[in-house]
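As structure tokens, the structure follows; a few thoughts come after it.
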2 protein chains.
Amino acid sequence: MSTPTALPKTKRGVERRAQILSAAETVIGEKGFTAASIADITREAGTAQGTFYIYFASKEEIFRELVLEMGRITRTIVTRAVSEASDRLQAEQDGLRAFLRFVAKRPSLYQIVEEARFVDPDAYRAYFTSFAKAYESQLAAAAAAGELRPGDAEIRAWALMGMAKTLGERFVIWEAEPDIDRVVDEAFALIRTGLEP
Amino acid sequence: MSTPTALPKTKRGVERRAQILSAAETVIGEKGFTAASIADITREAGTAQGTFYIYFASKEEIFRELVLEMGRITRTIVTRAVSEASDRLQAEQDGLRAFLRFVAKRPSLYQIVEEARFVDPDAYRAYFTSFAKAYESQLAAAAAAGELRPGDAEIRAWALMGMAKTLGERFVIWEAEPDIDRVVDEAFALIRTGLEP
DNA sequence: ATGAAACATGAATCATTATTCATGTGTCAT
DNA sequence: ATGACACATGAATAATGATTCATGTTTCAT
């Protein structure tokens with residue numbers, strides 16, 4: 001059922017596992033978890049169906065793996081983008097842009113994280129909570145340093161994450177030719193100075 | 001397959017249909033679309049399985065119905081809350097509060113709309129797009145009237161919707177005893193004046 | 001070079017569930 | 001009050017697709 005499958009021990013095994021994982025990203029990202037069958041995944045990977053179960057205990061397990069991968073990548077990308085900023089407001093703008101570019105590049109992983117809400121709620125929560133924790137402490141530090149207007153860092157973190165998520169969906173995923181810079185500029189203006197005239 | 005089922009013609013029929021719809025909201029809201037079986041739904045409704053197909057052509061059809069219902073209710077609730085506001089900023093605050101209260105009251109419908117992204121993407125898009133259209137025109141009018149700082153109304157609408165959605169999930173759905181007023185106050189402060197000191 | 005451990009295969013199994021249907025019972029316009 | 005239509009039943013059907021397994025083939029430490 002959920003015996004955590006051991007990692008492969010040969011070079012070939014490592015490659016096969018990666019092939020299958022990548023195929024799963026493609027297929028599940030396109031068709032969704034339920035519609036994507038193991039047969040679809042192994043066909044995409046170019047292996048027999050049984051091979052799947054050498055590397056993953058279940059369809060759920062490979063899915064969780066994809067969510068974890070997505071978490072690692074997103075955090076890395078955003079952290080790197082933000083680390084070069086001179087102040088916190090600049091970091092907000094850079095982070096948003098990096099995130100939206102990532103969504104444009106890997107829309108499938110974006111889809112997968114959202115579907116995790118239903119397929120693997122714990123993984124979903126962990127993904128956002130771990131992101132939010134880091135985000136929150138950055139915001140709190142910046143506010144304490146007077147770089148931001150005072151305010152609740154936790155609520156801000158989630159509000160800003162939600163904004164980014166939905167902008168990514170609407171203006172990147174749904175758009176044939178996303179204009180990321182325009183979205184970043186407008187959204188950042190809102191984040192920076194608000195709606196009040 | 002998808003012959004749109006005719007509406008019931010007797011009083012009993014109308015009641016049964018409503019029973020089944022309500023049971024579906026409960027069961028699908030709790031277990032999710034895939035895990036919720038027709039048997040679960042009819043058991044909850046207290047009818048035989050076959051009865052389901054007198055009123056709905058398929059599991060997908062009843063799901064779409066629930067998404068549409070959610071759309072009607074959300075629009076009604078938010079529109080009503082907003083219509084009493086004296087200015088647009090006040091409307092933002094009132095609308096957010098009304099939305100979060102609704103989420104607290106009907107978490108199942110909230111879940112269902114999010115799952116529509118995978119089960120019925122058209123319905124999902126229609127839900128948010130129709131909401132966004134109205135929201136956008138309100139924001140545009142308010143900006144033109146000088147009640148808001150100038151800015152792109154479409155991007156603003158989606159950014160604010162995204163914020164509300166995620167705050168609802170994190171601070172209402174995930175929280176045993178949501179403190180909606182606190183969330184509204186903090187989020188509104190962000191919306192009003194932004195992060196800049 | 002070689003054999004034990006790893007890996008690969010794909011057809012068969014097995015469980016789950018949406019949907020149908022043949023046979024009733026209830027409703028309500030006349 | 002009654003018959004035509006609407007509704008109700010739940011067991012049978014049928015499709016789907018995850019998982020297993022018996023039988024090979026490949027790898028690599030020795």
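Naming: A, B, ... by sequence-line order, numbering from 1 per chain.
B:Tyr55 comes within 4.0 angstrom of sugar-phosphate atoms only, judged by non-hydrogen atoms across all strands, and of no base.
For A:Ala45 against A:Gln19, the heavy-atom pair with the smallest separation is O-OE1, 3.1 Å. Of all heavy-atom pairs between A:Arg88 and A:Gln138, the closest is NH1-CB, 3.3 Å.
C:dT20 atom P lies 13 Å from atom CD1 of B:Ile54, rounded to whole Å. Atom OH of A:Tyr53 is separated from atom C1' of C:dA12 by 14 Å (rounded to the nearest Å). As a whole-Å value, the separation of A:Phe56 CZ from D:dT20 P is 15 Å. Taking atom CZ on A:Phe52 and atom C1' on C:dG10, their separation rounds to 16 Å, with Å as the unit. Between A:Leu7 atom CG and C:dA6 atom P the separation is 13 Å, expressed in whole Å. Rounded to whole Å, the distance from NZ on A:Lys59 to C1' on D:dT16 is 11 Å. Rounding to whole angstrom units, CD of residue A:Glu61 and P of D:dT19 are separated by 10 Å. Distance, B:Glu15 CD to D:dA8 C1': 15 Å, rounded to whole Å.
Donor-acceptor pairing under 3.5 Å, judged by distance alone, is present between the side chain of A:Gln49 and the base of D:dT19.
Between A:Arg16 and C:dC7 there is no side-chain N or O to OP1 or OP2 distance below 4.0 Å.
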List, with names and distances, any nitrogen or oxygen atoms from the protein found under 3.5 Å away from nitrogen or oxygen atoms belonging to nucleotides 25-28 of chain C.
unit_1 : atom_1 : unit_2  : atom_2 : d
C:dC28 : OP1    : B:Lys11 : N      : 3.3

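Contact check on B:Arg182 versus A:Asp152 returns a salt bridge, with a Lys/Arg side-chain nitrogen under 4.0 Å from an Asp/Glu carboxylate oxygen. Electrostatic pairing of B:Arg117 and A:Glu115 does not count as a salt bridge here, judged by no charged N lying under 4.0 Å from a carboxylate O. Salt bridge present: B:Arg43 and B:Asp40 bring a charged side-chain N and a carboxylate O closer than 4.0 Å.
A:Lys165 forms a cation-pi arrangement with A:Phe128, by the criterion of a distance under 6.0 Å to the ring centre and an angle within 45° of the ring axis.
Side-chain contacts under 4.5 Å among hydrophobic residues (ILVMFWY), followed directly or transitively, place B:Val14 with no other residue at all.
Between B:Glu61 and B:Thr5, the side chains place a donor N or O and an acceptor N or O closer than 3.5 Å (distance only, hydrogens not considered).
Using a 4.0 Å cutoff on non-hydrogen atoms, the parts of residues 24-48 of chain A near DNA chain C are A:Thr47, A:Ala48, ordered by number.
The NZ atom of A:Lys59 sits 6.0 Å away from the OG1 atom of A:Thr34 when rounded to the nearest 0.5 Å.
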